[in-house]
**Q** 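The structure that follows is given in the form of structure tokens.
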Amino acid sequence: MQTPRVRIVDAVELTPPQSGIRIKGWLRTVRASKQVVFLDVNDGSNMNGLQVVADESLPNAEEIRHLTTGSAVEIVGEIVESPAKGQKVELKAAEVIVLGKADPEYPLQKKRHSFEYLRTIAHLRNRTNTYGAVFRVRSVLAHAIHCFFQDRGFVYVHTPIITASDAEGAGEMFRVSTLDPTNPPRTESGAVDWGEDFFARQAFLTVSGQLNAETFAIGMSDVYTFGPTFRAENSNTARHVSEFWMIEPEMAFYDLDDNCALAEAFVKHLISTVLERCPEDMEFFDQRIQKGLIERLQHVRDSGFARMPYGEAVKALEASGESFEYPVHFGANLQAEHERWLTEKHVGRPVFVTDYPKEIKAFYMRRNDDGRTVAAVDLLVPGVGELIGGSQREERLDVLTATLTESGLPAEVYDWYLDLRRFGTAVHSGFGLGFERMVMYATGMQNIRDVIPFPRTPRHAEF
RNA sequence: UCCGGAGUAGCUCAGUCGGUAGAGCAGGCGGCUGUUAACCGCCGGGUCGGGAGUUCAAGUCUCUCCUCCGGAGCCA
């Protein structure tokens, strides 16, 4: 019977000598000298792969010598102590089976490529050190998110991808339609008759699962969503993609303070998990991608997050003596430069900025007693700025109805949302975290297109 | 969408004052007694992003379009 395949991450931990070990993977480099060939094999399970030593006695020695980078191979042999520096153990090959040769035009070289180039071969880039590490960390973070909430009794709610409502009341959405774009049905006035469309109304890809999550919070208490969301904005930045993943917990009987406490525990859990579970990858990011990354993450993990009302933040910014590109005054949105100054220079650790002017926040956020602010919160962290946005939700029917009208949103579309305030309304809160932003923060990667497998941005939906 | 930068070999880049293009890596062949993104030698490889213009002559100067990158806005 054939011995089972051992993943390389496990093979390198075996105590030598250990014979009959079977691995499968892809060649990163081939180094041939007269008597012996060194193959660096990687199967994606770890950063460094495994060095395979194949000598001239093998029947297909000549084939091995001419193997190309990128080829898929299967190797059976003995794990032995490596006599040379560079690795603790290596695999002395007894048999090398070529599973799939790589054409000589294989575009990944054994040298540094630019991230821009690798984006053009997104179907191959997971075979590089950087992207392999990114996507391992991304996977571990996704799991850590579920663990965090599941361990606290939260219910995972699958909110819909297709929606008829617009959670923010702003932001371009992708239309979902089965009408013939060249010849849509028309009303008597000549407008497109959406009543004839698949859902008998206009429909879009969701920009947020929050409103749906709220319906489950008002009934199941502690819930969260974790799924894809879509924005049709023509944003061309290193921080925006058209399709991204968002985590949105929603909790009944939580006020804004409870909300902040949960967000703080959540961020700390994700950071400590990734530091613990991905030491090899994190070491790589710390050395090659962002110097000091691990220390910065440890600092966030170990420090108490500060809290500061928006009004106080504005005063601090005004008194800072810094020359900002955009002026600060009460009522203005905080710009990226302001957020960075607050968290990096002013408080020197993560900070929750709370109680924003109602004019710059969404309709569903709870109106404060001062009449001018809402119970909103943004978490600002050193290095990236805003990481989390959340709020205590407006639970009073009359107030919510009024703010909905003020926002110019069609009340009939939100009827079900208002029902939550009619039938057993309760104080509740929630927040949203863009998953890719978190992956960027954890890895030090500077472009969001490099932390999602197949990024969708304006003019780009290949692969 | 706005502002700035950049498009030269498969990849990363150099190319001076306008005179028809070069290196490293990758690929092919050979060498090397254990390499570490091995090393050494030889060989093949180019519509200089597209189009137009100026000029005896354009990778180089001008205009224009396209694409990418960075920053900003919007936001997550």
**Q** If you measure from the C1' atom in B:rU67 to the same atom in B:rG49, how many Å do you get, rounded?
**A**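 B:rU67 and B:rG49 have their C1' atoms separated by 7 Å.
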**Q** Nearest whole Å is fine: how far is B:rC69 P from A:Tyr117 OH?
**A**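 To the nearest whole Å, that distance equals 15 Å.
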**Q** Without placing hydrogens or testing angles, list every side-chain donor-acceptor pair under 3.5 Å for residues 89-100 of chain A, not counting sequence neighbours.
**A**
from, atom 1, to, atom 2, distance (Å)
A:Glu90, OE1, A:Gln51, NE2, 3.1
A:Glu90, OE1, A:Ser82, OG, 2.9
A:Lys92, NZ, A:Asp55, OD2, 3.3

**Q** Considering residues at least two apart in sequence or located in another chain, which fulfil the ring-ring contact (aromatic ring centres under 6.0 Å, His included) criterion with A:His240?
**A**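 In terms of ring-ring contact (aromatic ring centres under 6.0 Å, His included), with neighbours along the sequence ignored, A:His240 is linked to no residue.
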**Q** Tell me, which pairs form a salt bridge (charged side-chain N to carboxylate O under 4.0 Å, His left out) where one or both residues lie in residues 327-341 of chain A, sequence neighbours left out?
**A**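 Every salt bridge (charged side-chain N to carboxylate O under 4.0 Å, His left out) pair that includes a residue of residues 327-341 of chain A, provided the two are not neighbours, is A:Arg340-A:Glu344.
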**Q** Could you list by number each residue of residues 336-347 of chain A showing a heavy-atom separation from RNA chain B of less than 4.0 Å, or answer none if no residue does?
**A**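 The stretch gives none, as no residue of it lies under 4.0 Å from the strand.
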**Q** Restricting to nitrogen or oxygen on both sides, can you table the protein-nucleotides 25-31 of chain B pairs closer than 3.5 Å?
**A**
from, atom 1, to, atom 2, distance (Å)
B:rC25, O2, A:Gln109, OE1, 3.2

**Q** Do any pairs count as a salt bridge (charged side-chain N to carboxylate O under 4.0 Å, His left out) and have a residue in residues 58-67 of chain A, sequence neighbours left out, and if so which ones?
**A**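 Salt bridge (charged side-chain N to carboxylate O under 4.0 Å, His left out) check on residues 58-67 of chain A returns A:Glu56-A:Arg65.
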**Q** Identify, with sequence neighbours excluded, every residue that meets side-chain hydrogen bond (donor to acceptor under 3.5 Å, both in side chains) alongside A:Arg288.
**A**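 Once residues adjacent in sequence are excluded, A:Arg288 has no partner under the side-chain hydrogen bond (donor to acceptor under 3.5 Å, both in side chains) criterion.
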**Q** I'd like to check the ring-ring contact (aromatic ring centres under 6.0 Å, His included) partners of A:Trp245; sequence neighbours left out, ordered by chain and number.
**A**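 A:Trp245 satisfies ring-ring contact (aromatic ring centres under 6.0 Å, His included) with A:Phe226 only.
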**Q** Considering only distance and modelled atom types, tabulate donor-acceptor pairs under 3.5 Å from the side chains of residues 116-123 of chain A, sequence neighbours left out.
**A**
from, atom 1, to, atom 2, distance (Å)
A:Arg119, NE, A:Asp450, OD1, 2.8
A:Arg119, NH2, A:Asp450, OD2, 2.7
A:Thr120, OG1, A:Tyr117, O, 2.5

**Q** Any protein N or O atoms within reach of nucleotides 44-46 of chain B? Criterion: under 3.5 Å, listing atom names and distances.
**A**
none

**Q** Under a 3.5 Å cutoff on both atom distances, Watson-Crick or G-U, what's the dot-bracket for RNA chain B ([ ] crossing, | other strand)?
**A** (((((((..((((.....[..)))).(((((.......))))).....(((((..]....))))))))))))....
**Q** Taking the nucleotide of RNA chain B with the nearest heavy atom to each, does A:Gln446 or A:Ile388 sit closer to the 5' end?
**A**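 Its nucleotide being nearer the 5' end, the pick is A:Gln446.
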**Q** Using the P atom as the reference point in each nucleotide, state the distance between B:rU1 and B:rA58 in Å, no decimals.
**A**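 Per the computed distance, 35 Å lies between those P atoms.
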**Q** Could you name each residue pair satisfying salt bridge (charged side-chain N to carboxylate O under 4.0 Å, His left out) that touches residues 44-54 of chain A, not counting sequence neighbours?
**A**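 Listed by first then second residue: nothing to list.
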